[in-house]
K.L.:
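Got a structure for you, questions after.
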Amino acid sequence: MAAQPQHLLAQPVEQIPTIGPKRAAALKTVNVRTLEDLLYYFPRRYLDRSLITKVDHLTAGIQVTVVGRVERYGIKHGRKNRFVLVVTDGTGYLSCIWFNRLSYWSKVFKEGEWLALSGKVTYFGGFQMTHPEFDRLGEEAEGEMVHTGKIIPMYPSSETLGKVGLDSRGFRRLFYNFFKEFRVNIEETLPDEVLKSYQLVSLPLSLTNIHFPSDQEVLDKARYRLKFEELFFLELLMAYRKHQNLTIPGIQFKNVGEYTQRLAESLPFELTNAQKKVLHEIRVDMRREKAMNRLLLGDVGSGKTVIALFVMLIAVDNNYQAALMAPTEILAEQHFLNIHQMLEQMGVHVVLLVGGQSRSERLQTLQDIEAGKADIIVGTHAVIQQTVNFSRLGLVCIDEQHRFGVLQRAELRQKGGNPDVLIMTATPIPRTLAMTVYGDLDVSVLDELPSGRRPIITTWRPEKARPKIYDFVKKRVDAGDQIYVVFPLVEESEKMDLKAATDSYEIMKKTVFSEYSLGLLHGRMKSEEKEAVMSEFKRGKIQILVSTTVIEVGVDVANASCMVVEHAERFGLTQLHQLRGRVGRGGKQSYCILVSYGRLSDDAKKRLDAMEATTDGFRIAEMDLKLRGPGEFFGTRQSGLPDLRLADVVKDFDILQKARNAAFELVENDPNMAFENHHALLNHFVRKYRDSYNLAGVG
Ligand code: ADP
Ligand code: MG
């Protein structure tokens, strides 16, 4: 497969007539470097004539857009100085008020120019808008456009862009020239068969119409096609990766041997049906000659760790090493302690590799790994560092996937020949979505919790209820339970957060809980300190563990049956669910008390309501996705997913499914995209995605 090296669309913007070096430099600030980037710089919204309100139809309290000509403006002095702009649309006058940057605003507007102003209307002896959003429509010409019923595109701009004339209006002129005068030759990227089967508008037409729609219908069609294209290329990548995975020979794990048997016999519980089903799926994968690439989806507490154990032992039984990677040191240490305790007596050598180890410890571990003495290596991302050389790595198990990027996955694979990979999610993702977004992986689902679990009782309380909460906590501790008290800790305010947690710990220790034994745990502590605290908590020596979110994932202490989350309003929904998953692990009735402070935003209320309403992680994930949007939810950067400009994997799910079908069908028929009618597609794919996807082996 080879890509055409130069392409018209790859032309740098500075070479385009009417742009020049100054504008090109400003465009770079919004990542527009080539003609193609520019064509894909889409309007943020559209001004539709039907949505414009005439001044004589305004009422106070509503949110509207008014189009008017600038009549006059100036600074008004008074109790509070302000800048006032008066516009008219022929039916009346509207005053727009700004209270800040008065001298700046004085230079922004011109008498006679047309503006579109959006905001909430108030009435003080006349209609007003305070700090409206506005868009400059220019002089007569565009004023006309509005009145003749055209849909006007509104482009995102910035101060830097504004300075070189690229405000919304500047962009409109730029594109106008483009489409009317230069007649850019845009090549279709999607194959004919896809356009036909999915009834898509051509690329040239879509690009023209997204910038200059004549009516809503053509705009909708253009947007549909461009969303489809974005998602199609995403899924094409998935399809291609999946296909590639299948062509790379992997390890055949033939035996289920002694270790696996012994683990099965020594388990204190029977596996759930879901666990059995998943183990079977994995077993089939591992016996194949192809490398396994599987995603294990399961709710908090569904028993993923034991699956990982079996899977690693299968590798060890076949005389390979297995690595288990966790996202935090605490979690890696916990896994290590558990696994070490369970397996060492069987003669399986388990080692720990984390950042905070001493030099000599680390050296010894590295030697054991290289010499093949270590069978199971548990660690953080330290495991994939350059210095680690495996003797015969056969399997990698990644716990809590979404903190590991796609690239790290690739790095890992380069560590061993071609090890099998099992990725376990921390958080359930709606499964239909997982299958499309992680479309290059096979998916197994643990959709059942071990029996005998009682749903955790969750309540949300305001801060003033704290004395009652403390009474409740004391009763639980007196009854023999252990308690988590969790404080938020976010990067932006790390120092203050840490202080809040440690201060509260000191106060609680001296006052309300002076009769009890308390422990403190946070990420800034040394490995040994953390380990010591965790092991005391595990052994019941610590009754109340005050902690930051370091305990968020994976920590497993069955006797801890009550959790108090301070400043619960500051946590994300998925994070709260993760935290709550630390209790309710034994057979006891467990409690989660969410304490909120101050007045809450609507979203915060929705999150806390959701936590009270359900303990089902898949439902929580769906709600979280709706609240935050997919970019935040998946952490686009980390997950290695591309930034989607138009499409939204949740809202446009039906388009996503269609695009996925189209992409997978195409790769199935023409895995190398070698057919004549797929040349344009291949060029486009490689040109656009080479950097973002590390398309090794493509093009
Ligand atoms: P997660 O899926 O959140 O990683 P874990 O693997 O930590 O969950 O399991 C949660 C708890 O449930 C652990 O204490 C584990 O020993 C226990 N467990 C796992 N499988 C079963 C089972 N089939 N029956 C009873 N308890 C189980
Ligand atoms: Mg886990």
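Below, all heavy atoms of this structure are taken into account, side chains as well, without hydrogens, waters or symmetry copies. When a ligand or atom number is given, it counts from 1 through the structure's own listing order.
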K.L.:
Is it true that D285 and R288 make a salt bridge, defined as a side-chain N closer than 4.0 Å to a carboxylate O?
P.N.:
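Salt bridge between D285 and R288, a charged N being under 4.0 Å from a carboxylate O: yes.
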
K.L.:
Evaluate the side-chain proximity of E281 to D442: yes if any heavy-atom separation is below 4.5 Å, no if none is.
P.N.:
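No, their side chains stay 4.5 Å or more apart.
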
K.L.:
Closer than 4.0 Å to some heavy atom of Q275 - which atoms of ligand 1 meet that?
P.N.:
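Reading through ligand 1 atom by atom, the close ones are 19 (C), 20 (N), 22 (C), 23 (N).
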
K.L.:
Classify the contact between T305 and ligand 1 as side chain, backbone, both or neither, using a heavy-atom distance cut-off of under 4.0 Å.
P.N.:
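Near ligand 1, T305 shows its backbone as well as its side chain.
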
K.L.:
Do D481 and K475 meet the salt-bridge criterion of a basic N to acidic O distance under 4.0 Å?
P.N.:
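Between D481 and K475 there is no salt bridge, as every charged N stays at least 4.0 Å from the carboxylate O atoms.
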
K.L.:
Under 4.0 Å from any heavy atom of D299, which atoms of ligand 1 are there?
P.N.:
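Every atom of ligand 1 under 4.0 Å from some heavy atom of D299: 2 (O).
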
K.L.:
Numbering the atoms of ligand 1 from 1, which are under 4.0 Å from a heavy atom of V300?
P.N.:
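Selected atoms, number and element: 3 (O).
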
K.L.:
Tell me whether ligand 1 is touched by M424 - counting only heavy atoms on the residue side and a distance under 4.0 Å.
P.N.:
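Flag not set, M424 not near ligand 1.
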
K.L.:
Quick one, E448 with R453, criterion salt bridge (Lys or Arg N to Asp or Glu O under 4.0 Å). Give me CA distance, side-chain angles, the key distance, then yes/no.
P.N.:
CA-CA 11 Å; E448 181 187 2; R453 295 268 175 85; over 6 Å; no

K.L.:
Within the structure, is a non-hydrogen atom of G301 found at a distance of less than 4.0 Å from ligand 1?
P.N.:
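Contact check G301 vs ligand 1: positive.
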
K.L.:
Using the six-membered ring wherever Trp is involved, compare the ring planes of Y516 and F513 and label them parallel, tilted or perpendicular (cut-offs 30° and 60°).
P.N.:
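Y516 vs F513 ring planes: perpendicular.
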
K.L.:
Is the shortest side-chain N to carboxylate O distance from K530 to E333 below 4.0 Å?
P.N.:
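Here K530 does not pair with E333 in a salt bridge, since their nearest N and O are not under 4.0 Å apart.
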
K.L.:
Any atoms of ligand 1 less than 4.0 Å from a non-hydrogen atom of L271? List them with their elements.
P.N.:
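Reading through ligand 1 atom by atom, the close ones are 23 (N).
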
K.L.:
For ligand 1, indicate whether the residue L446 contacts it via side chain, backbone, both or neither (heavy-atom separation under 4.0 Å).
P.N.:
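Neither; no heavy atom under 4.0 Å.
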
K.L.:
For T272, take its heavy atoms, then give the atoms of ligand 1 lying under 4.0 Å from any of them.
P.N.:
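The atoms of ligand 1 under 4.0 Å from a heavy atom of T272 are 23 (N).
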
K.L.:
Of the listed options (G303, P450, G584), which comes nearest to atom 8 (O) of ligand 1 when hydrogens are ignored and any heavy atom counts?
P.N.:
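Shortest heavy-atom distance from atom 8 (O) of ligand 1: G303.
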
K.L.:
Measure from atom 17 (C) of ligand 1 to every heavy atom in Q578, R582, R585, R453 and give the option owning the shortest one.
P.N.:
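Considering heavy atoms of Q578, R582, R585, R453, the nearest to atom 17 (C) of ligand 1 sits in R453.
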
K.L.:
Between Y597 and H567, how do the two ring planes meet: parallel, tilted or perpendicular, split at 30° and 60°?
P.N.:
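The arrangement is parallel - the two ring planes meet at less than 30°.
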
K.L.:
A quick test of your reading: do over 12 heavy atoms of other residues, nucleotides or ligands sit less than 6.0 Å from CZ of R392?
P.N.:
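Yes, enclosed.
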
K.L.:
If we only consider heavy atoms of G581, is any one of them less than 4.0 Å away from an atom in ligand 1?
P.N.:
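Under 4.0 Å: no for G581.
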
K.L.:
Let me know which of K242, R241, R660 forms a salt bridge (Lys or Arg N to Asp or Glu O under 4.0 Å) with E235.
P.N.:
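Of all the options given, the one that passes is R660.
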
K.L.:
Numbering the atoms of ligand 1 from 1, which are under 4.0 Å from a heavy atom of E270?
P.N.:
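Numbered from 1, ligand 1 contributes 22 (C), 23 (N), 24 (N).
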
